[in-house]
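Following: one structure in structure tokens, then a few remarks.
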Amino acid sequence: NKRRKMVNSYTENNRAERERLAALVSRLSDEQLSTPMEAGWTPSAVLGHLAFWDQRALTLLKHWQEHGIGPSELDTDIVNEAMRLHCLAIPPRAAAELALSCAAAIDAAIDRLSPEMLAKVETDGRTVHLDRAAHRRTHIADIERAVSAAR
């Protein structure tokens, strides 16, 4: 029952932030998606960044379900910096749509985890955060600030 509560907690938080992300994407123009942000990012590149990390989590969950949970360490700062160029190269609206589709895919995968797999990911798979909402919340706020400041 405790595990079921956790799944429901992840489910609700992830869904709520995915909906906020969708609302943000729907109200931003392509020009707003290209607004310059700190450190050379743009809102669309940040959305590409979100898509990347959601897709990484989904890929690891699938791999772990087939092969068991194993190490998957990486230097997130280096990955983020290396990915920035790729994220900036994605057309703004495509990056926005990619963020939404990757968010929906990882959320659905988390919702389908068995209680046993959920527990294993929480204890042994620390490089995949089942609470996807926290990452989205941070970047939604970053994007909203940047777009608001540009007005």
Side-chain angles (χ1 to χ4, degrees), residues 1-28 30 32-33 37 39 41-147:
N1 191 21
K2 182 180 179 190
R3 289 287 163 221
R4 178 55 54 201
K5 269 191 173 166
M6 283 190 156
V7 170
N8 290 337
S9 172
Y10 293 130
T11 298
E12 177 57 28
N13 290 336
N14 290 344
R15 182 199 55 74
E17 290 305 312
R18 188 178 69 248
E19 288 177 0
R20 282 189 63 221
L21 185 65
L24 175 69
V25 163
S26 71
R27 74 176 177 265
L28 293 180
D30 287 356
Q32 289 171 313
L33 286 169
M37 292 177 66
W41 290 85
T42 64
S44 68
V46 170
L47 294 170
H49 159 91
L50 284 172
F52 168 80
W53 287 105
D54 280 348
Q55 186 61 36
R56 178 185 179 272
L58 180 62
T59 302
L60 276 172
L61 283 182
K62 287 179 180 177
H63 179 80
W64 290 344
Q65 286 174 316
E66 291 178 27
H67 305 286
I69 296 176
S72 181
E73 298 299 323
L74 55 88
D75 184 327
T76 56
D77 291 334
I78 295 298
V79 170
N80 285 336
E81 185 57 26
M83 284 301 299
R84 183 170 46 93
L85 184 63
H86 299 272
C87 292
L88 287 164
I90 302 170
R93 190 57 50 191
E97 295 303 322
L98 188 63
L100 296 176
S101 66
C102 290
I106 186 58
D107 289 359
I110 291 167
D111 292 349
R112 289 189 305 268
L113 288 177
S114 69
E116 297 77 23
M117 186 65 178
L118 178 76
K120 285 181 183 177
V121 172
E122 289 172 338
T123 58
D124 301 337
R126 293 193 180 111
T127 59
V128 168
H129 301 284
L130 298 174
D131 176 11
R132 308 308 299 165
H135 193 215
R136 293 174 195 154
R137 190 176 304 115
T138 296
H139 290 307
I140 288 169
D142 294 341
I143 291 168
E144 287 173 335
R145 271 193 303 278
V147 170

Hey, does Asp124 have a side-chain heavy atom less than 4.5 Å from the side chain of Trp64?
no
Should the pair Glu19-Arg15 be classified as a salt bridge under the 4.0 Å nitrogen-to-oxygen rule?
yes
Name of the residue among Asn14, Leu21, Leu50, Asn13 meeting side-chain contact (heavy atoms from CB on, under 4.5 Å) with Arg132
Asn14
Is the closest side-chain heavy-atom distance between Leu61 and Val128 below 4.5 Å?
yes
What side-chain donor-acceptor pairs closer than 3.5 Å can you find for residues 89-99, not counting sequence neighbours?
unit_1 : atom_1 : unit_2 : atom_2 : d
Arg93  : NE     : Asp30  : OD1    : 3.0
Arg93  : NH1    : Val25  : O      : 3.0
Arg93  : NH2    : Leu28  : O      : 2.6
Arg93  : NH2    : Asp30  : OD1    : 3.0

About how many Å separate CG of Leu118 and OH of Tyr10, when rounded to the nearest 0.5 Å?
6.0 Å
By the definition side chain to side chain donor-acceptor pair (under 3.5 Å), identify the one residue from His139, Arg84, His86 that meets it with His49.
His139
Give me the ring orientation class for His63 and His67: parallel if the planes are under 30° apart, tilted from 30 to 60°, perpendicular past 60°.
tilted
Min side-chain heavy-atom separation Glu144-Val147 under 4.5 Å
no
Distance in Å, Thr76 OG1 paired with Trp53 CH2, rounded so as to fall on 0.5 Å steps
5.5 Å
Which atom of Met37 lies closest to which atom of Pro43, heavy atoms considered:
SD-N, 3.3 Å
Can you confirm whether Asp75 sits close enough to Val79 that some side-chain heavy atom of one is under 4.5 Å from a side-chain heavy atom of the other?
no
Between Asp54 and Arg18, is there a side-chain N and carboxylate O pair less than 4.0 Å apart?
no
Identify the two heavy atoms, one from Ala45 and one from Cys87, that lie closest to each other, and give their separation to 0.1 Å.
O-CB, 3.4 Å
Does the ring center of His129 lie less than 6.0 Å from the ring center of His135?
no
Do you know which two heavy atoms are closest between Arg56 and Thr127, and how far apart they sit?
NH1-O, 3.1 Å
I'd like to check Leu47 versus Ile143 (side-chain heavy atoms, cut-off strictly below 4.5 Å). Are they in contact?
yes
State, with a plain yes or no, whether a side-chain heavy atom of Arg112 is found less than 4.5 Å away from one of Gln65.
no
Between Arg137 and Ile140, is there a side-chain heavy-atom distance shorter than 4.5 Å?
no
